[in-house]
Each structure stands twice: as C-alpha cells, then as structure tokens.
4 protein chains.
Amino acid sequence: MDGTRQRRRGDTRQRIQDVALELFAEQGYEKTSLREIAERLEVTKAALYYHFKTKEEILVSIFEDLSRPIEDLIEWGRLQPHTLETKQEIVRRYSEALAGAAPLFRFMQENQATVRELRIGGMFKDRMLVLRDILVAPDADLVDQVRSISALFTLHAGMFVLQDLEGDPEDKRRAVLEVATDLITRAHRGAGES
Amino acid sequence: MDGTRQRRRGDTRQRIQDVALELFAEQGYEKTSLREIAERLEVTKAALYYHFKTKEEILVSIFEDLSRPIEDLIEWGRLQPHTLETKQEIVRRYSEALAGAAPLFRFMQENQATVRELRIGGMFKDRMLVLRDILVAPDADLVDQVRSISALFTLHAGMFVLQDLEGDPEDKRRAVLEVATDLITRAHRGAGES
Amino acid sequence: MDGTRQRRRGDTRQRIQDVALELFAEQGYEKTSLREIAERLEVTKAALYYHFKTKEEILVSIFEDLSRPIEDLIEWGRLQPHTLETKQEIVRRYSEALAGAAPLFRFMQENQATVRELRIGGMFKDRMLVLRDILVAPDADLVDQVRSISALFTLHAGMFVLQDLEGDPEDKRRAVLEVATDLITRAHRGAGES
Amino acid sequence: MDGTRQRRRGDTRQRIQDVALELFAEQGYEKTSLREIAERLEVTKAALYYHFKTKEEILVSIFEDLSRPIEDLIEWGRLQPHTLETKQEIVRRYSEALAGAAPLFRFMQENQATVRELRIGGMFKDRMLVLRDILVAPDADLVDQVRSISALFTLHAGMFVLQDLEGDPEDKRRAVLEVATDLITRAHRGAGES
DNA sequence: TATGAATGAGTCTTCATTCAT
DNA sequence: CATGAATGAAGACTCATTCAT
C-alpha cells in the first residue's frame, strides 16, 4: 500500500536481475561487485544468495530469460528452407530481437573476454554457429562467408557504436538492418564471383 | 652463454610487455593478475613495479608501442584528399596494421567494457572517430555511414572470429579485406541511393 | 558459559576499538597494522572491514566515542560568560575528561604528525581553537595568551610525561591541574603586565 | 661553473639531510619514503645508501648534528651550581637553541610515538631527564616539579602551536620564554607553598 | 660517487561465498 | 524471505634494503 517496499514482495528476484544487468552492462561483469548490486537494491549481499547460487548464476538467468526470443528465432530458422527470403526474414527478426534485449547484448559485445570463460559463453557461441550455418552455405566462397558473418557483426555492434551518432534510434536500427540485409543478399547470390 | 637468465639483462621491460599482452589477450585484463605475469617471468611482482608505475601503465605502454603504425596511418590519411582511392588504400593498410598487432586488437575487441574505463579507451576512441571521419562524409546517407562503420568492424572482428574457420589465415585476411573494401566502395558511391 | 568466544557475539565492534586504541597508543598509528589488530582479536582482517570501512574509520570512531565528553564540555563553555570562575571550571573539568580518555589523548599527543593528515586532525584542531578562544581574550597580552595555551599543554602533556615520576596518579593529576589553573588565573588577571 | 649540479659535488650528504629533515618534519617519519627523498634530490635511492646505512641513520645523523648545541648546553648546566640564575640562563639558552633547530624539534614533538622506538628516542629522553634534574630539585614539591616540566613543554610546544597566531616570530619566542622563565622562577621559589 | 635492477615482506583493501539465526 | 557476522583468498601497490657494475 505504501508502494515501494511492501508491494515489491516477491519480485526481488526480478529486481536483482534488472539492477545486475544494468551494472554489468555499464561497468562490466568483473568490475561489478555483489556488494554494489545489493546496495542499490537496499538489501544485503546474503539476500542475493537466497535467490541465486552464485554471481555467475545471476548472469546466466538474465541471459536465459532475455535471449529466449533469439533462441526461438534460431529454432524456427533451422526448420526453414535456406532460401534468400528466409535469410532476410531471419536478419530482420534478429535485428528486432537484439533491440528488444539491447543491454544484454551490449554486455555480451563488450565483455567477450569475460563471457568466454563463463557458461553463457558456450551457449552463445553455439547459437551463433547455428545461425551462421543457416545464413551461409558451408561450401560458399570464403568472401561470401565473411559477408554473412559481417552482417551479424553489423547487427551486433551497430546498436552500440551508433549511439554516438545523432539521429533517431529507430532510424539507425533500420539503416543497420538494411546494410546487414544487403550483405546477406549479396552473400546468397555469390557476389564474390562478380 | 647459458641463454636464459643472464642474456636477458636489460630486456625485462620488453618481456613484461610480451607476457602481459599474451595474458591480457587470453584471459582479459581484470582476470590477469600481476602475480601471474610475474610468475611467468620468474621475477617478483615488485620487479614489475620497477619498470611500470601501475598495471594500467603496462597496458598503456603496450598500446602505445604496438599501435604506432595505426596512428601513423591515420595521420597520413588525414592529409590525403578523401577520394575513393585513398579510402581503399587506408582500408588495405589498416587491415595490414591490424594483422601486425593482432593480439593487441583482439584484446581491445574483447575487453571493451574494461578498456572504456582505462586511459587507452579514450585514445582508441578518438582514433576511431578520426578514421570514421576520413572514411565517410558526415553529410552522407545514414545507410552509407553504417556501411563505412561496418567496414571497420568487419576488419576488427573479422580476424578474431574467423579463427574458428578453417583455411589459411592470409586467405581469410584477404577475404575480410575484400568485404571491407566493397563496403567502403559502395558507401563512397552512395549505394544507399540505388 | 565458556565465556570467550560465544559470549562475545555482537561486541566485536567494541573489541576492535579497544584493541586498536591500545595498539595505536602503544606503537603509533602507522606502525599498527590491521593484521596485528585482527590477530589479537583472533578474527580475520576481513572481519575488521565488516565493521569499519577503513583503518582511518576505526580511529575516527574511537575519537568520536571517547572525546564526546570534551565536546560537550566545550559546548557548555561556549555558552558561559568568560569569567575567571568559568575558566577555572573548564580547566578542572577538562583535566577530568582527559584522564577519562587517557589512551586516546596520549595517542593524539604522540602522533601529531600522523593525526594532522587524518580526519580527526581537523576535528581536534577546531576544538582546541574554540577552547583557546574561551580561555583567552583575543586582545590579551601576548604573554598571557601563551600562558593560556601553556595551561592546555600542561594538561595534555602532563599526564603522559609524568608517568615516569613516582607517586600516586591522582596526586599527579591534581598537581598538573593546579599548575594549569594557576597559569589560567594569571593569564586572566593580566600577570603579564605586572 | 654552472652552479647547480657540478658545484654540489661532495655536499650530497648534507643535501640528503636537509631534504630528509624537511620531509620528516612535514609529513612524519613513516610517511616519508626514501623514494620521495631521492626524487626531490634527483638521485636514486641507492645513492642514499651510499651515504647512510639505513633510513634511521639519516635521522640519527640529523639529530646528532643539529642537537649538538643543546647537548653542550646541558653539559654546561650540569657543572653550574643550581641557582635560580643558572636555571634562568639555561631556559634562555635552551629557547635559543630550540629556535636554531626548529624543524628538528618540531619533528621530535610531532612524532613522539615513532621517535620512542628509534635510537634517538633514548638519547633525547636521557637529555630531558638530565635537564629536568638541573631545573628542579628531586625533593621539591610535586607542584613545583610540574611547573618545571611545564616550562620545558611550553618551550617545546610553544614554537609550533604558536605558528597559527599572528605576530612576529621573535616576539612570540620571547613571550614563550617569559612564561617559561616565570614558571621556573616560581618553581625555584616554591610557589607551590604560598 | 653513484646507478639499474631487483627482492621479500608487508600494506590496506575487496571479493565471492557461507551459515546460523 | 532475509540478515548479521564472518572468512579465505586474492588483489594492486609500497617500502627499505641489497648488490653487481
């Protein structure tokens, strides 16, 4: 009834994830301490351990919750014929999915060294490999393979580095998407040949 | 004459930089402790402090030493007319420069969150902005701007992510270069319009 | 019932302060390490950090707790008319207050260089200045000003240096008090003139 | 010929003492590192070790050099009859001697805890005891003993604490001297009796 | 008369984690 | 559903000192 503390009963787990992601994305995983997270939430460190077994677990849970749409997308993509239209559709939906969980992917992008050693490192890498295999035929020209991978990077990095640029975020996202789609399309057609 | 300890007199500073870069690139900056670096070199931690004032200073000195060619390239590029040929030349030479200091740039790529808080974060960002301004006219179509930036990412990320792919590294580098050059060329011509 | 470890639950903070003050007074602030304090208490260094944020904070907390009576005295003195009787009363009560927190003031006396750089240095100095302004009119004869200040020193130093002298401590304190009172009285009357 | 570096040949030892005393007095003994001293002199730490065996030795040598006049004074005083005139003379000359080596005695005053553990601690204390025995008869009234000791403190502390007070330093020294002389005189006459 | 290079012991401090209550 | 109190391991860094040159 007073709104702040009482009403939150039960959503502490969620609040931990929110604050943790915010800090992880801002400062990096290693530089964010549990003390800091706890302080922001005005609970004790021990409370975090009631909800999560380890620091890494907090991150894993965030990753699992927030990257579900991407997992679904990849699952879907796997079952489609690998036509150009499918690829374009995947890129389009991938772009949306990234935008929907921007802080998480900013974090993944900026903490690769850390993430690599963590459980989510493996999970993420596996997904990327599946995605790559959908987007590019393994027997394709090397240049076209690079083009496909480049499309993926463009999507990933695009959102964060473009923050510096002025302009409407949604405009920028669409520009990024266009470039990625273009790359995928050229890769599909074998532009490397021309 | 016994080669290990005696001969090394005087090159300790260099050896520190080498080992540090190796470990920083492998495990990340924060996860690499000075103890670890010292142990690998079979010296004490205090010896590191004889040669460098802080942990960060070690990194800064590596960055300064290894990224000199890139600084020179950017300096050169600034003075050229911003023609398509210049841009292509810059991309070509940038690709070479990155390959020449691969571990450093792998480190920069994979530790962005950390690097951002460090002195080299600012230095690096400034350089990238200059490079961007050379490669893309500020009044260009948004899509073409993205294309230019995408070219840069492709070069940066290309080298590391492509390690997974089988094939000759030099072949891969050339493939990456081709894609980047293609992106830059299309950006220059205003492909976004067509 | 076993008295040592169990019964102490909850008074760790106090025990830290006690041991710390003892060691600070004995060996000085810089020469007393947190390791030493922790060892005496049979806890880990980290336990100290649960109760206090820094080494300095331990000292500050001791100072605040133990010098409260003096703060109160000064506060009281400020509101009194600056008559001879007031001054004598202040000196008397000050002497008692010092005796009540002897180890702290011994520490302050013997670690002036250190204390000056610490937070309590400023606090203490401010108090002394207020006290001085109560005890001596700012327009007084220079010699009388010195007399007042000398009274203060006599009280401060008296207790520690006189430890060497044989005799009952309470007798010595009263002797010191008499000399200080004498100085204050002569300063008040303008003995410097005669 | 160029005056700074060349001419200094041979007086490095002296320069070390000067800089060391300055820093010791300013920051305290423990907080002053040999690195700091060396840097100010633009020599290496190792150079300090050419001239002095240890850090403590630097301090000892300073003490011995600068407190010679006081040692002489005490030696002289010992041989005089302990008349009032002698005592007054000693106080007068002691005041001068202190003023002549002010930084050293400021240091002694502000680093008592440190000094106590050092070699000079014992030396200094011994001298003080001799001085005390000259100034006050061991069978004197307790209050008069305090008065004598208070005179000494007044001289010691006077110079440093009075720095805050406005006014000509020489004036202040004379005021301090007057108070000290007064105390000694009253102690001699047995003012405690009256 | 110094220096360059290094060491060993120690400093304060932070961290993720635990567990009885 | 959480806290208070604590730990063990480790972190970056500083210091006085040494010694071959």
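Below, read A as the first sequence line, B as the second, and so on, with proteins coming before strands; counting in each chain starts at 1.
Taking 4.0 angstrom as the limit, D/Thr54 places none of its side-chain polar atoms (N or O) nearer than this to OP1 or OP2 of F/dA16. Under 4.0 angstrom from either OP1 or OP2 of F/dG4 there lies no side-chain N or O belonging to C/His51. An OP1 or OP2 oxygen of F/dA2 is reached within less than 4.0 angstrom by no side-chain nitrogen or oxygen of A/Tyr50. For A/Thr12 and F/dC1, the shortest distance from a side-chain N or O to OP1 or OP2 is not below 4.0 Å.
The closest donor-acceptor contact from the side chain of A/Thr32 to the backbone of A/Leu23 lies under 3.5 Å. Side chain of C/Ser33 to backbone of C/Glu36: a donor-acceptor contact under 3.5 angstrom is found. Looking at D/Arg40, its side chain never comes within 3.5 Å of a backbone N or O of D/Ala20 through a donor-acceptor pair.
Rounded to whole Å, atom P of F/dC1 lies 12 Å from atom CD1 of A/Ile16. The interatomic distance linking B/Arg15 (CZ) with E/dA6 (P) rounds to 8 Å, in whole Å. Per the geometry, NZ belonging to C/Lys53 stands 17 Å off C1' belonging to E/dC15, to the nearest Å. One can place CD1 of C/Ile37 at 12 Å from C1' of E/dC12, the figure rounded to the nearest angstrom. For the pair A/Leu48 CG and F/dG4 C1', the interatomic distance rounds to 15 Å; values are reported in whole Å. As rounded to whole Å, 18 Å separates atom P of F/dC15 from atom CD of D/Glu56. Separating the CD atom of B/Glu57 from the C1' atom of F/dA12 is a distance of 14 Å, rounded to the nearest angstrom.
At least one side-chain heavy atom of B/Val60 sits less than 4.5 Å from a side-chain heavy atom of B/Glu64.
Because its NZ or CZ atom is both nearer than 6.0 Å to the ring centre of B/Tyr29 and within 45° of the ring axis, B/Lys55 counts as a cation-pi partner of that residue.
Classification of the C/Phe105-C/His156 ring pair by plane angle, with boundaries at 30° and 60°, yields parallel.
The stretch residues 19-35 of chain B touches DNA chain F through B/Thr32, B/Ser33, B/Leu34, B/Arg35, each having a heavy atom within less than 4.0 Å of the strand.
In the set F/dT18, F/dA6, F/dC13, the nucleotide with an atom closest to the side chain of D/Tyr49 is F/dT18.
Contact of B/Lys45 with E/dT7 (side chain to base): no donor-acceptor pair of N or O atoms is detected under 3.5 Å.
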